[in-house]
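The next block holds one structure in the form of structure tokens; read it before the comments.
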Amino acid sequence: MLRFITAGESHGLGITAILDGMPAGVEVSDEELSFELSRRRKGYGRGKRANIEDDQVMITSGVSDGKTTGAPICVVIPNKDHVNWKGRYVPILAPRPGHADFAGMVKYGFDDCRPVAERASARETAGRVACGYFAKKLLEKEGIKVLSWVVQIGPISAELPPADKRMLSEREAERLFELAEASEVRCPDFAASERMKNLIDEAREKGDTLGGVFEVAVLNAPPGLGSYVQWDRRLDARLAAAVMSIQGIKGLEFGMGFKLSEVPGSKAHDPISIPNRPSNRAGGIEGGMSNGEIIFIRAAMKPIPTLQTPLSSVNVKTKEECRAHAERSDVCAVGSAAVVAESMVALVVADALLEVRGGDRW
Ligand code: EPS
């Protein structure tokens with residue numbers, strides 16, 4: 001069983017992640033891991049914090065001589081910004097609408113929302129991407145790739161080949177991924193990328209934030225990952241939980257998703273033929289199992305709740321109406337969330353693969 005947990009606060013000493021269940025014998029490198037972390041860190045719309053952190057990651061266990069040993073892998077990612085916050089406590093008294101602030105404060109009985117904000121922060125996703133790197137390396141040995149790209153920021157949509165084509169062709173998915181990697185918003189349509197960047201600039205000027213939509217494609221997954229025999233073994237359920245657990249994600253679909261509800265069965269399902277099916281509207285999952293087609297997920301991220309021009313809130317001490325707390329944050333982090341989603345998807349797919357293949361050595 002492949003599982004991980006993270007620890008750490010946004011402005012504490014650092015983020016730690018422990019990945020348990022990685023088989024022995026998977027080749028890994030510090031440079032590649034750092035590169036994965038840099039893919040998450042950058043992106044148009046990220047705040048000033050992204051320039052402070054360089055995610056100098058340390059692997060403290062589970063890897064020897066460039067290979068996994070089968071023992072738990074521990075990674076430590078120091079927060080460079082910690083020194084600037086040390087000894088400084090800035091309470092958050094006006095919970096931000098859309099943030100974990102309010103419910104977290106009530107739940108844990110704090111007098112202000114700072115401890116909630118520190119752990120709810122998406123800084124934690126650095127740990128997820130570190131774990132996802134190891135899962136990706138395991139999948140890579142089987143020729144399985146997990147790719148992502150952004151298709152929408154706010155109301156601006158990329159003009160891409162139709163969804164059915166994006167879901168069907170591995171070559172097309174690889175092409176979109178490569179284009180996305182060259183875009184500051186991780187969008188494969190460069191003209192739309194420019195409009196998205198302008199929109200992000202406008203939002204920043206107004207003290208506002210933006211969400212968006214991204215897609216994740218898993219190429220070359222064998223049929224039969226996950227199972228129909230029990231609810232919590234279904235691959236789509238496990239992938240959905242993994243992606244929904246990412247900060248800010250509000251919606252998710254597989255394949256044609258909600259659109260499948262609008263058409264009759266004859267136009268919804270993918271005829272079976274040799275050597276390939278003519279369509280992949282199911283998004284590579286039938287009956288809770290991979291079916292050998294591209295696993296295709298689309299996810300919607302809400303705008304970041306920290307607004308520089310804040311919405312109304314209530315001061316938790318005085319109970320007076322006021323503006324919500326504002327502090328340095330990102331304007332848009334959809335491209336980063338897509339990279340985090342790749343990691344979460346890779347971890348679930350690797351876990352499902354280990355179930356069918358055995359997990360001691362690879
Ligand atoms: C975050 C707020 C920002 C982001 C941070 C997540 O940090 P700060 O409050 O220090 O400006 O930059 O993300 C990261 C530090 C990161 O590495 O992704 C939040 O509140 O979620």
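In each ligand, atom 1 is the first atom listed, and ligand 1 is the first ligand listed.
Residue-ligand proximity, Asp330 to ligand 1, at heavy-atom distances under 4.0 Å covers atoms 4 (C), 12 (O). Taking a cut-off of under 4.0 Å to the non-hydrogen atoms of Ser329, the atoms of ligand 1 that pass are 2 (C). Atoms of ligand 1 lying under 4.0 Å from any heavy atom of Arg46, numbered from 1 in the order shown and given with element: 12 (O), 13 (O), 14 (C), 16 (C), 18 (O).
Classification of Arg41 and Asp54 as a salt-bridged pair fails, no side-chain N sitting under 4.0 Å from a carboxylate O. Using a 4.0 Å cut-off between charged side-chain N and carboxylate O, Asp81 and Lys86 make no salt bridge. A salt bridge does not link Glu178 with Arg175: every distance from a Lys NZ or Arg NE/NH1/NH2 to an Asp or Glu carboxylate oxygen is 4.0 Å or more. Ion pairing of Glu181 with Arg39 is present here, as a side-chain N (NZ or NE/NH1/NH2) and a carboxylate O approach within less than 4.0 Å.
With a heavy-atom cut-off of 4.0 Å, Asp55 does not touch ligand 1 at all. In His11, the part holding a heavy atom less than 4.0 Å from any atom of ligand 1 is the side chain.
Using a 4.0 angstrom heavy-atom cutoff, Arg40 counts as in contact with ligand 1.
Just one residue in the list Glu53, Arg123, His11 forms a side chain to side chain donor-acceptor pair (under 3.5 Å) with Asn79, and that residue is Arg123.
Note: the hydrophobic cluster containing Leu252 does not contain Val213 (ILVMFWY, side chain heavy atoms under 4.5 Å, direct or indirect links).
Residue contacts with ligand 1: Thr125 is placed with no nitrogen or oxygen under 3.5 Å of a nitrogen or oxygen of the ligand (distance criterion only). The distance criterion of under 3.5 Å between nitrogen or oxygen atoms is met by Arg123 with respect to ligand 1.
Of the protein's heavy atoms, Arg328 NE, 2.7 Å lies nearest to atom 11 (O) of ligand 1. The closest protein non-hydrogen atom to atom 21 (O) of ligand 1 is Ala122 N, 2.9 Å.
The side-chain contact (heavy atoms from CB on, under 4.5 Å) check on Ser157 picks up Gln152, with sequence neighbours excluded.
Of the candidates Ala120, Ser121, Ala117, Ala100, Ser121 brings a heavy atom nearest to atom 1 (C) of ligand 1.
Atom CG in Leu210 sits 12.0 Å away from atom CG in Asp330 (nearest 0.5 Å).
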